[in-house]
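Order of appearance sets the numbers: ligands from 1, and atoms from 1 within every ligand. The first residue in the sequence is number 1, and the count goes up from there.
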Amino acid sequence: MTEAEHYFTQAPASEHRERTIEFSAAGRDFALTTSQGVFSSSRLDPGTAVLLRKAPLPGRPGAYLDLGCGYGPVTMALAESSGGEVTAVDVNERARQLTADNAHRLGFGDRVRVYAPEEVPPGQRFDEIWSNPPIRVGKEALHELLLEWLPRLKPDGVAWLVVARHKGGDSLAGWLAGQGFPAEKHASQKGYRVLRVVCA
Ligand SMILES: C[S@@+](CC[C@H](N)C(=O)[O-])C[C@H]1O[C@@H](n2cnc3c(N)ncnc32)[C@H](O)[C@@H]1O
């Protein structure tokens with residue numbers, strides 16, 4: 001990634017340098033392709049690892065959203081565990097391409113739909129939203145993002161978010177509650193909080 005480039009750049013200019021990231025989730029070993037110019041391109045992000053370990057991956061088909069999919073680790077775990085449909089959203093087009101390619105290679109191509117945020121059909125609602133959200137966009141943009149997507153939960157829906165404690169994991173829970181999305185600390189590990197968020 002170049003100095004001016006963030007992992008949330010829409011069209012990364014950095015050279016494609018592909019590598020494979022291996023991890024286990026949902027009872028399966030994954031080997032996903034990633035590349036420079038996307039979030040955590042050299043290893044499974046430790047926050048994502050805590051999310052996949054501590055939050056209960058769904059065990060039934062439904063409509064799931066991976067908000068900020070990157071190269072797709074959460075998307076693949078959701079597709080594997082649920083057998084349902086996963087919508088994977090990211091602003092970074094290289095991340096979207098990697099997620100689509102990884103899904104195709106793993107045989108999830110017919111159940112994983114990859115979109116830029118503005119492409120998601122407006123009426124679509126989700127049983128669960130999963131996210132390691134983009135903290136680096138800043139608090140205001142993060143709040144806007146969450147207020148855009150959390151209302152897309154179905155009435156009994158639930159969102160699972162992972163946030164580093166020192167990057168505002170605890171204050172985010174309080175803010176969410178004030179916005180009509182009660183959030184409880186479901187788990188804590190290695191400095192990360194896993195928040196369980198519902199609609200009031
Ligand atoms: C912390 S990373 C997590 C990536 C991936 N889920 C993982 O666990 O490796 C957050 C992701 O959100 C994406 N992102 C940033 N702003 C976004 C927005 N407004 N809408 C959707 N995705 C966004 C970034 O490009 C990045 O891929």
Got the closest protein heavy atom to [atom], with its distance?
atom: atom 9 (O) of ligand 1; value: Phe39 CD2, 3.4 Å
atom: atom 1 (C) of ligand 1; value: Asn132 O, 3.2 Å
atom: atom 12 (O) of ligand 1; value: Gly68 CA, 3.2 Å
atom: atom 7 (C) of ligand 1; value: Thr48 OG1, 3.5 Å
atom: atom 18 (C) of ligand 1; value: Val91 CG1, 3.4 Å
atom: atom 19 (N) of ligand 1; value: Leu145 CD1, 3.4 Å
atom: atom 27 (O) of ligand 1; value: Asp90 OD2, 2.6 Å

Tell me yes or no: between the side chains of Thr87 and Arg113, is some donor less than 3.5 Å from an acceptor? no
Donor-acceptor side-chain pairing of Arg152 and Gln124 below 3.5 angstrom: no
Which atoms of ligand 1 sit under 4.0 Å from any heavy atom of [X]?
X: Pro133; result: 1 (C)
X: Pro117; result: 20 (N), 21 (C)
X: Gly70; result: 4 (C), 5 (C), 27 (O)
X: Pro73; result: 7 (C), 8 (O), 9 (O)

Let me see the working for Thr33 and Arg19 under side chain to side chain donor-acceptor pair (under 3.5 Å), right down to the final yes or no. CA-CA 6 Å; Thr33 301; Arg19 57 195 297 169; over 6 Å; no
Please confirm whether Ser40 comes under 4.0 Å of ligand 1, counting heavy atoms of the residue only. no
Is it the case that more than 12 heavy atoms not belonging to Glu118 sit under 6.0 Å from its CD atom? yes
Looking at every heavy atom in both Thr34 and Tyr71, which two are closest together, and how far apart are they? OG1-CD2, 3.5 Å
Look at Asp90 together with Arg96 and state whether they make a salt bridge at an N to O cut-off of under 4.0 Å. no
Any salt bridge between Glu85 and Arg111, counting N to O under 4.0 Å? no
Taken to the nearest 0.5 Å, the spacing of Glu93 CD from Thr9 OG1 works out to 10.5 Å
